[in-house]
Amino acid sequence: MKDGLYEAEFGTTLGMGTAQLTLRDGVVTGRTSNGLPIAGRCSLDPRRNLIVYEMTVEVPPNTDTLSGFSTGDNGRAVMVRGEKAVGAAGNRFSFGFAGRAVDVAMRYVGSLKD
């Protein structure tokens, strides 16, 4: 993955969502379509030829997520970690969260404006 602006579509059998993301020097920032902040890191593991990612989404109190998980009265920082083979299936990947598969499709939108 190269530095730039990305759009992500993600979903489970319970629903779909979108996010706008920025990748700069391995740092990921962005927001979901309903305003939840996303922050994390993305890097290449050249030995294993994998893209390794770790992101956190801040979910407010009493929110039901697309996985069916509810955050309760205090809200929750939801961490997503995973790996994706470089070049495998384009920019599509899945991860597990709260016992449900979340499918993601990423699309490069354009370069960063300095």
Side-chain angles (χ1 to χ4, degrees):
M1 293 182 69
K2 60 184 176 180
D3 283 0
L5 304 173
Y6 290 83
E7 289 181 351
E9 292 182 336
F10 52 91
T12 69
T13 57
L14 299 177
M16 299 285 296
T18 61
Q20 305 294 314
L21 302 168
T22 300
L23 176 62
R24 183 187 305 263
D25 298 326
V27 175
V28 178
T29 57
R31 291 201 175 272
T32 66
S33 56
N34 55 354
L36 304 181
I38 300 169
R41 301 204 51 80
C42 179
S43 61
L44 174 65
D45 179 342
R47 183 179 61 77
R48 299 184 301 149
N49 202 34
L50 294 174
I51 296 170
V52 179
Y53 60 89
E54 179 176 291
M55 291 179 263
T56 301
V57 180
E58 295 292 333
V59 185
N62 302 311
T63 299
D64 293 326
T65 68
L66 289 176
S67 68
F69 171 80
S70 180
T71 59
D73 291 338
N74 297 316
R76 186 158 191 183
V78 175
M79 181 170 284
V80 175
R81 294 181 192 158
E83 300 174 334
K84 178 196 170 302
V86 173
N91 287 326
R92 295 180 181 271
F93 57 95
S94 297
F95 61 87
F97 176 67
R100 192 173 302 275
V102 179
D103 297 318
V104 181
M106 301 250 326
R107 182 174 72 89
Y108 179 77
V109 177
S111 62
L112 297 171
K113 309 230 185 319
D114 291 323

Got a sec, which pairs hit salt bridge (Lys or Arg N to Asp or Glu O under 4.0 Å) with one end in residues 44-53, sequence neighbours left out? D45-R48, R48-E83

How would you list, by chain and number, every residue that makes a side-chain contact (heavy atoms from CB on, under 4.5 Å) with S94, sequence neighbours excluded? D103

Measuring only between side-chain heavy atoms, which start at C-beta, is K2 closer than 4.5 Å to L23? no

Tell me, please, which residues at least two apart from F69 pass side-chain contact (heavy atoms from CB on, under 4.5 Å). T65, S67, T71, R76, F97, A98

Sequence neighbours excluded, the answer for side-chain hydrogen bond (donor to acceptor under 3.5 Å, both in side chains) partners of S111 is none

Restricting to side-chain contact (heavy atoms from CB on, under 4.5 Å), what partner residues turn up for S33, sequence neighbours left out? T18

Listed by chain and number, what are the salt bridge (Lys or Arg N to Asp or Glu O under 4.0 Å) partners of R107, not counting sequence neighbours? E7

Tell me which donor-acceptor pairs under 3.5 Å the side chains of residues 49-62 have, and how far apart each pair is, sequence neighbours excluded?
from : atom 1 : to  : atom 2 : distance (Å)
E54  : OE1    : R81 : NE     : 3.1

V27 versus D25: any side-chain heavy-atom pair under 4.5 Å? no

Applying ring pair (Phe, Tyr, Trp, His ring centres under 6.0 Å) to F95 and not counting sequence neighbours gives none

For D3, which residues count as a salt bridge (Lys or Arg N to Asp or Glu O under 4.0 Å) partner, sequence neighbours excluded? none

Applying side-chain contact (heavy atoms from CB on, under 4.5 Å) to D64 and not counting sequence neighbours gives S70

Which residue pairs satisfy the ring-ring contact (aromatic ring centres under 6.0 Å, His included) criterion with at least one member in residues 22-48, sequence neighbours excluded? none

What I'd like to find out is whether the side chain of L21 reaches to under 4.5 Å of the side chain of T29, using heavy atoms alone. no

Could you go through residues 37-44 and list every donor-acceptor pair under 3.5 Å that involves a side-chain atom there, pairing it with any protein atom two or more places apart or in another chain?
none

